[in-house]
Amino acid sequence: MFRNNYDNDSVTFSPQGRIFQVEYAAEAVKQGSVVVGITSKKHVVLVALKRNAEELSSYQKKIFAIDEHAGIAIAGLTSDARVLSNFMKQQCLGHRLTYGRDLPVRTLVDMIGAKAQQNTQQYGKRPYGVGLLIAGVDEQGPHLFEFQPSGMTEEMVAFAIGARSQMARTYLEKNLELFADCSREELIAHGLKALKESLVQDRELTIENTSVGVTGFSKADDGSTKVEQFKVFDGQEVNGWIESVADDKAAAEGESMEVDG
Amino acid sequence: MTSIGTGYDLANSIFSPDGRNFQVEYAVKAVENGGTSIGIRCKDGVVLAVEKVVASKLLKQGANKRIATVDRHLGVVYSGMVPDGRHFVDRSRDEALAWRDTFKTPIPTADLASRMGGYMQAYTLYQSVRPFGITAIVGGFDSELELPVDGEVGSGPAVGAGGKTAGKKHGGPFLYMIEPSGLYWGYYGAAAGKGRQVAKAELEKLDLGGAGELSLEQAVKEAARIIYLSHDDVKDKKFELEMSWISGADGPTKGKHQEVPKALREEAEKEAERLAKKAVEGDDDDDDDDDSDDDKKDGDKMEE
Amino acid sequence: MDHRPQAWGRPRDDIYGAYDGSYLQTTGPKQNTQAPVVTGTSVVALKFKDGVVIAADNLASYGSLARFTDVKRLRVFLDTSVVGFGGDVSDMQYLDRHLNELAIDESYETDPSAPDAGALNAANLHKYLQKLMYKRRNDFDPLWNQILVAGLDSGSKPFLASVDLRGTAFSSPSLASGFGAALAQPIMRKYAATEEDAAKLSREDAVKVVQECMKVLYYRDARSMDKYSIAVVTKEGVELKEDEQLEKQSWAFAERIRGYGTQTV
């Protein structure tokens with residue numbers, strides 16, 4: 001294999017101005033199983049495909065609650081994700097303790113962005129080998145952010161990262177206009193459908209390999225916001241949703257679905 | 001790049017025999033791939049603008065800001081690696097805060113540029129770090145008024161606070177551009193990123209500097225026009241234009257760095273789009289000579 | 001022999017000579033602020049149906065000397081809350097600078113298209129100040145103030161709360177610091193004893209009650225002044241007037257007061 005002189009560490013630019021170590025870390029994200037996130041005006045959902053190392057082992061968790069109002073879905077190195085997750089939990093708790101409110105989601109995301117950027121500019125450090133989708137609500141509404149190992153963070157309407165996630169993204173792009181006015185259940189259904197697009201042939205969504213995370217908010221009459229606490233659904237809890245997007249069901253619902261899918 | 005393979009470009013802070021720091025030059029390459037950003041300093045304010053290439057349809061429109069506020073009266077925009085830009089902004093804010101703590105007054109634009117120039121330069125000095133992959137444009141409006149010393153008792157002394165001389169003009173709009181080497185100059189019109197050469201050629205035509213008559217509102221329109229003109233329709237299809245401005249205390253932003261109001265931006269964009277289309281159809285190859293000339297100057301040599 | 005209590009158990013000077021304390025350390029342990037120096041007196045505040053009225057006079061005293069007569073003790077935070085400071089003026093200035101920095105920091109993260117959504121409200125600010133004051137007291141370096149925070153909470157309802165140099169925090173439909181706690185509170189409670197009462201109070205009435213309190217305080221508090229600042233916080237924002245004058249003063253009652261000064265009866 002061609003030996004690249006510029007890819008040994010994250011403090012060396014290539015003559016084209018690229019940092020290969022960061023790009024390689026981004027490859028690690030593509031090794032992780034796919035996760036999808038979508039926002040509507042009132043909700044934000046994360047759905048994920050869980051993997052097991054072998055037939056008899058348990059499935060690796062993919063969606064984690066960070067605070068009452070926020071959660072993450074991960075693709076890549078799980079142990080790196082735990083570092084970021086612990087950091088985010090601490091920041092959220094600290095903010096709640098000093099100000100008595102939810103940490104605004106963008107502020108939270110900027111914090112891990114800054115943290116990850118440091119790892120790309122100093123010798124002896126390595127970039128995080130994990131990508132995140134961060135879902136959360138604050139007073140401005142629901143938010144979905146993508147986090148990359150480079151420290152890049154961007155707010156998305158819907159997004160998917162991980163192995164074969166391009167197919168899920170294509171689904172999301174096709175149905176982009178629909179999401180804003182979706183109900184909570186419809187949004188989850190779209191998430192699962194996007195997830196299915198990324199499945200390997202002959203694989204299906206099951207209650208073992210599917211995980212769903214939801215948070216949302218509603219405005220009360222007095223102008224105050226009520227937050228639906230971020231919750232992760234696994235196992236039997238996701239059965240109904242999986243059935244609602246089963247292939248035979250979607251076909252029976254009419255032609256339009258087939259065209260969209 | 002004839003020097004590739006000689007080994008002098010494999011680590012930061014290494015001089016090659018002809019006195020170059022290659023890693024800094026490669027960092028400049030990262031900037032040259034980034035979306036165009038420009039700054040205009042006119043008689044009554046500063047405008048910052050940036051072309052944000054929309055890489056995915058799934059991005060939330062208008063949500064991902066690239067121009068940042070540093071203290072109330074300062075704005076920063078950058079081309080190149082966005083996470084590096086965030087780092088630059090965070091540090092700028094820390095500097096502005098530290099200045100307030102020490103001097104009980106907002107940091108002058110020149111001092112922020114100086115401190116951040118020093119900060120960027122420090123990242124060219126050690127093998128343990130890499131240079132910033134950004135060129136940053138810093139715009140600010142230093143107050144022309146006699147500011148009350150922060151938190152003083154009552155209304156304070158009637159004259160003379162802050163070491164200002166009566167009758168002399170203080171403050172005003174300022175613009176600086178800081179390169180990965182840490183090199184920085186003051187500008188009337190500054191441009192960085194992909195479309196900087198087209199942008200520079202256009203900026204040079206504006207009525208700026210000394211007795212320049214361009215007004216802030218005109219500058220907003222010119223900034224929009226220049227971003228649209230420098231945008232490469234063939235390579236990047238869609239982009240978002242983000243603009244901010246800073247006026248004096250008697251101007252539209254009252255001395256604060258703010259996003260250009262939506263109505264004004266859209267008006268400027270409409271006109272810019274029309275002019276850009278016209279330029280494509282018309283003959284515009286007379287700029288080409290300037291381009292090759294600029295290219296040499298752009299080489300980010302640290303001794304410059 | 002010396003029989004005073006402070007000499008008990010000590011070697012007698014007439015036998016052993018005076019005690020030589022020269023080898024002892026003359027400096028005590030490190031001490032921070034033990035007392036305020038330049039001070040502001042009461043701050044009074046009252047909730048009404050759409051917001052909060054808050055007032056404080058413009059005096060900073062140096063002991064009993066009326067040292068500075070144009071000190072603004074109401075400070076606006078983010079155009080949505082008002083903080084009223086009683087106690088040490090230099091600590092107030094420190095806090096003012098600190099809150100200014102907090103406001104700048106906060107504005108970095110606010111969405112310019114929806115500046116009202118998600119910014120720190122008065123309830124958040126009060127919680128923050130409470131943590132700050134409590135930490136300083138635990139460091140044995142207190143900020144010598146009593147602070148009233150007036151504004152709106154996350155549900156846009158009127159918010160009023162107090163925090164002092166010990167970090168003690170509480171809330172009430174009406175609050176007054178310093179002398180006002182004794183002189184103004186009973187008056188305000190006549191009009192708004194409970195949250196329900198306050199929710200019925202009109203803005204005009206609330207302003208009148210607070211002005212009345214300022215007058216009573218000027219009559220009775222020797223560290224007060226008749227020039228004052230008053231602010232009204234509502235959903236629409238903050239209206240702050242910093243150059244108000246107490247009107248219709250009547251000192252006739254002073255004639256009847258006995259027992260002070262040079263009077264013989």
Side-chain angles (χ1 to χ4, degrees), chain A residues 5-6 8-19 21-22 36-39 106 109-111 113-125 127 140-160 168-177 179, chain B residues 1-7 9-14 21-34 52 54-66 68 79-91 93-94 123-124 126-134 180 300:
Chain A
N5 280 320
Y6 303 99
N8 285 311
D9 54 53
S10 57
V11 293
T12 309
F13 279 106
S14 81
Q16 289 71 242
R18 293 161 63 179
I19 300 165
Q21 270 299 306
V22 175
V36 176
I38 318 181
T39 57
R106 180 176 288 278
V109 171
D110 284 350
M111 283 171 173
K115 198 172 157 67
Q117 194 276 343
Q118 294 256 299
N119 293 328
T120 74
Q121 207 173 8
Q122 279 179 40
Y123 190 82
K125 296 193 172 187
Q140 277 147 25
H143 300 277
L144 175 71
F145 286 89
E146 184 215 1
F147 161 86
Q148 293 168 215
S150 62
M152 186 75 173
T153 56
E154 286 173 299
E155 182 160 11
M156 318 298 281
V157 176
F159 208 60
R169 284 200 295 276
T170 307
Y171 174 90
L172 295 172
E173 280 181 26
K174 275 185 186 160
N175 296 282
L176 195 57
E177 312 300 323
F179 301 146
Chain B
M1 286 290 165
T2 49
S3 355
I4 297 172
T6 55
D9 66 343
L10 293 176
N12 190 16
S13 91
I14 299 283
N21 181 347
F22 283 105
Q23 278 295 307
V24 170
E25 294 183 23
Y26 296 170
V28 172
K29 285 276 178 274
V31 179
E32 290 172 359
N33 298 329
K52 292 186 290 186
V54 178
S56 165
K57 272 166 88 177
L58 298 171
L59 278 162
K60 190 170 175 184
Q61 262 182 34
N64 296 290
K65 298 292 179 217
R66 276 275 298 282
S79 288
M81 298 160 65
V82 177
D84 283 20
R86 296 288 317 175
H87 177 183
F88 180 91
V89 168
D90 286 347
R91 179 65 188 202
R93 289 171 176 175
D94 288 349
Y123 279 75
T124 69
Y126 309 97
Q127 296 206 9
S128 55
V129 292
R130 64 167 173 80
F132 277 79
I134 57 157
D300 194 72

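Please read all numbers here as calculations on a predicted model, not as lab measurements. So that the names make sense, note that chain A is the first sequence line, chain B the second, and so on, each numbered from 1.
- Using a 4.5 Å heavy-atom cutoff, the side chains of E154(A) and E146(A) are in contact.
- No part of Q61(B) comes within reach of chain A, as not one of its non-hydrogen atoms sits under 4.5 angstrom from that chain.
- The parts of L172(A) that come within reach of chain B are both its backbone and its side chain, each placing non-hydrogen atoms under 4.5 angstrom from that chain.
- Using modelled atom types, one finds no donor on one side chain facing an acceptor on the other under 3.5 Å when comparing Y123(B) with N12(B).
- Summarising the geometry, atom NE2 belonging to H87(B) is positioned 12.0 Å from atom CE belonging to M81(B); distances are rounded to the nearest 0.5 Å.
- Side-chain atoms of F13(A) and E25(B), non-hydrogen and from C-beta on, never get closer than 4.5 Å to each other.
- The choice from Q118(A), Q121(A), E155(A), Q117(A) that makes the most heavy-atom pairs within less than 4.5 Å of chain B is Q121(A).
- Within the 4.5 angstrom heavy-atom criterion, no atom of L144(A) approaches chain B.
- Under the side-chain contact (heavy atoms from CB on, under 4.5 Å) rule, R130(B) has a single partner from I19(A), D9(A), T12(A), which is I19(A).
- Heavy atoms closer than 4.5 Å to chain B are found nowhere in R18(A), neither backbone nor side chain.
- Highest contact tally toward chain A, considering only A11(B), G85(B), A30(B), S56(B), is held by A30(B) [criterion: heavy-atom pairs under 4.5 Å].
- Between the side chains of T153(A) and R106(A), no donor N or O sits under 3.5 Å from an acceptor N or O.
- Using a 4.5 Å cut-off between heavy atoms, N33(B) touches chain A through its side chain atoms alone.
- Of the listed residues G113(A), A114(A), S150(A), the one with more heavy-atom pairs under 4.5 angstrom with chain B than any other is S150(A).
- Of the two parts of T39(A), neither the backbone nor the side chain holds a non-hydrogen atom closer than 4.5 Å to a non-hydrogen atom of chain B.
- Listed options V31(B), V82(B), D84(B) were ranked by heavy-atom pairs under 4.5 angstrom with chain A; first place goes to D84(B).
- Only the side chain of D110(A) comes within contact range of chain B, judged by heavy atoms closer than 4.5 Å.
- K125(A) is linked by a side chain to side chain contact (heavy atoms under 4.5 Å, CB included) to N119(A), Q122(A), counting only residues two or more places apart in sequence or in another chain.
- Taking the salt bridge (Lys or Arg N to Asp or Glu O under 4.0 Å) definition, one finds that D90(B) meets it with nothing, sequence neighbours left out.
- The residue among E173(A), H143(A), M156(A), R169(A) with the most heavy atom pairs within less than 4.5 Å of chain B is M156(A).
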